[in-house]
Amino acid sequence: MLLEATNLNTYYGESHALQDMSLNVEDGEVVALLGRNGMGKSTTMKTIMGLLKPRSGKVIFDGRDITGQRPHKVARAGIGYVPEERRIFPNLSVLDNLMMGVKGGKVDTSNANIWTIEKIFERFPFMRDRTNQKGALLSGGEQQMLTIGRTLMGNPRLLMVDEPTEGLSPVMVKEVRDVLAAICKSGISILLVEHNLKVAMSLADRVYLMGKAHLGFTGTIAELDANPEARAKYLEV
Amino acid sequence: MDPVTAMYVAQGMHGLAYGMILFLLASGLTLIFGMMGILNLAHATFFMLSAYLCYQVIAWTGSFWLALLIAPIVTGIIGVLLERFLLRKVHAFGHIGELILTVGVSLVILESVKVFWGTESLPVQIPNVLQGLVTAGGLDYPIYRLFIIGLSLVILIVLMLILYKTRLGMVVRAAVSDADMVDALGINVPLVFMLVFGVGTWMAGVAGVAIAPILTVFPGLADQVGMDAFIVVVVGGFGSLGGALLVAIICGLLNSYGVQFVSQLAPVLMYIFMAIVLVFKPMGLFGERE
């Protein structure tokens with residue numbers, strides 16, 4: 001098991017935003033975390049990442065207890081985070097944005113799957129032509145690619161991606177989907193929050209559906225297909 | 001040389017040198033408050049403390065150069081300790097917590113200074129090589145003022161190079177716009193902020209040593225120069241090094257020519273300048289946020 005989150009309870013002040021939330025991700029797997037707005041999907045990711053501290057529960061990553069660790073320790077343990085708001089650095093150039101993702105320390109160069117600046121440029125050719133441009137000047141879709149590229153520069157073992165296709169044109173949605181598929185192929189596991197069901201279903205091996213602050217349903221894509229009740233309860237508006 | 005021109009030049013040099021000292025003090029403040037968003041009202045107190053440390057090092061060793069090296073470093077280390085063990089704990093509670101804490105720290109430092117060194121003003125001698133004047137183009141320039149201007153420019157250039165040409169500078173600029181995101185990319189942001197805080201207080205320390213021979217060393221240094229530095233940060237725009245430099249020079253010159261031409265008005269000239277700028281540009285000349 002790569003990631004194992006058990007019985008997480010997270011609060012925003014007095015509001016109980018996660019109630020005994022549990023999920024896990026196997027090595028090489030794509031797991032989708034789905035549900036309507038405000039159910040706690042982003043909160044789950046932030047809690048795993050260490051941006052929010054759970055009051056109780058455990059997060060084990062690669063056999064190590066990382067519960068409540070500072071985000072940079074979680075990142076160094078091997079989890080990459082692509083937040084919903086993208087949060088590129090607007091005042092930094094495209095190249096500097098990518099370099100911000102480099103974590104320092106040892107990089108296993110013998111691994112052919114390692115992400116380097118050259119490979120990022122190969123995957124996202126537009127960045128090579130605009131290395132000196134400020135991040136703020138990129139379009140929404142390009143900013144999304146930049147956020148993903150930035151996180152890949154840190155060579156995570158697990159990528160947590162929050163709403164990557166939100167607000168993007170259909171062409172860009174497909175591009176993002178293909179990028180995520182390629183990332184998974186390179187051996188990185190993915191935990192994906194995504195409103196576009198088609199995209200989520202085409203990528204994921206398994207799904208978790210969230211009701212208000214808690215886990216509602218979990219199973220493989222086939223199991224979800226065979227369970228219209230769960231779909232009606234947690235997904236359809 | 002025409003004595004009137006000579007006086008203008010001398011006043012100009014005084015103004016420039018004072019402006020550069022203000023810049024050193026204010027740029028530390030703009031790094032800490034403007035960029036990192038940490039309110040530190042003890043900043044000018046560190047400046048005063050460093051002037052005393054300078055006096056003490058000279059008393060022990062007789063060397064101004066050793067004082068210039070040691071006093072700012074000790075000041076910077078005290079700054080780092082303040083950030084690491086006190087400020088960091090109250091940062092989550094917003095500016096009020098920082099305000100109360102740093103006012104308290106500055107009172108403790110001020111009273112300790114009085115206990116150790118008394119309240120009288122203590123003289124600091126300029127080393128021999130920096131005394132006297134150099135003559136160029138028929139005009140005399142005081143060497144010590146030239147030295148302060150040169151030293152401040154070197155510090156400014158090094159700071160700019162670090163901020164815009166190194167990975168550390170890139171991390172600082174990114175962390176200023178989104179600290180949590182930088183942390184989530186695997187960079188120890190609290191460590192980086194502690195370092196920046198240390199550099200900021202170190203600069204206040206350099207300014208304290210630079211001012212000691214000019215104004216002598218006394219407990220009221222913090223109030224007298226600290227207020228001017230705060231005006232520089234506000235008028236220049238929070239977080240803007242270029243703005244701090246420009247406004248510090250303007251304030252230095254206003255100060256010294258003010259004394260010469262409108263001595264009755266001189267003490268309030270900087271406030272008038274601040275008021276006029278803020279009416280038209282509420283965020284300061286180069287400020288991006290309030």
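Every heavy atom of this structure was used, including side-chain atoms; hydrogens, water molecules and symmetry mates were not.
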Heavy-atom check, side chain of A/Ser189 versus side chain of A/Glu26, under 4.5 Å: no
Pick from B/Val171, B/Val189, B/Ile187: which one has the most heavy-atom pairs with chain A under 4.5 Å? B/Ile187
Are the side chain of A/Tyr208 and the backbone N or O of A/Ser22 linked by a donor-acceptor pair below 3.5 Å? no
Let me know if A/Met99 has heavy atoms under 4.5 Å from chain B in its side chain, its backbone, both or neither. both
Sequence neighbours excluded, the answer for salt bridge (Lys or Arg N to Asp or Glu O under 4.0 Å) partners of A/Glu166 is none
Considering only heavy atoms from C-beta outward, does the side chain of A/Asn24 approach that of A/Leu3 to under 4.5 Å? no
Quick one: which residues of residues 176-184 of chain A reach chain B at under 4.5 angstrom, heavy atoms only? none
Salt bridge (Lys or Arg N to Asp or Glu O under 4.0 Å) partners of residues 138-148 of chain A, not counting sequence neighbours, each pair once: A/Arg130-A/Glu142
Should the ring pair B/Phe33 and B/Phe238 be called parallel, tilted or perpendicular, given that the plane angle runs from 0 to 90° and is split at 30 and 60? perpendicular
Check each atom of A/Met49 against the heavy atoms of chain B and say whether the ones under 4.5 Å are side chain, backbone, both or neither. side chain
Which residue is it: A/His16, A/Gln19, A/Arg55? I am looking for the one with a side chain to side chain donor-acceptor pair (under 3.5 Å) to A/Asn9. A/His16
Taking the side chain as every heavy atom from C-beta outward, state whether A/Leu191 and A/Ile48 have any pair of such atoms under 4.5 Å apart. yes
Measuring only between side-chain heavy atoms, which start at C-beta, is B/Leu24 closer than 4.5 Å to B/Ile155? yes
Do B/Leu82 and B/Phe197 come close enough that some side-chain heavy atom pair is under 4.5 Å? yes
Table up the donor-acceptor pairs between chain A and chain B that sit under 3.5 Å, atom names plus distance.
| unit_1 | atom_1 | unit_2 | atom_2 | d |
| --- | --- | --- | --- | --- |
| A/Arg70 | NH2 | B/Asp183 | OD2 | 2.5 |
| A/His72 | N | B/Asp183 | O | 3.1 |
| A/His72 | N | B/Asp183 | OD1 | 2.7 |
| A/His72 | ND1 | B/Asp183 | OD1 | 2.9 |
| A/Arg76 | NE | B/Gly186 | O | 2.6 |
| A/Arg76 | NH2 | B/Gly186 | O | 3.1 |
| A/Arg87 | NE | B/Asp178 | OD2 | 2.8 |
| A/Arg87 | NH2 | B/Asp178 | OD1 | 3.0 |
| A/Met99 | O | B/Arg167 | NH1 | 2.8 |
| A/Val102 | O | B/Arg167 | NH2 | 2.8 |

If we only count heavy atoms from C-beta on, is the B/Met170 to A/Phe89 side-chain gap below 4.5 Å? no
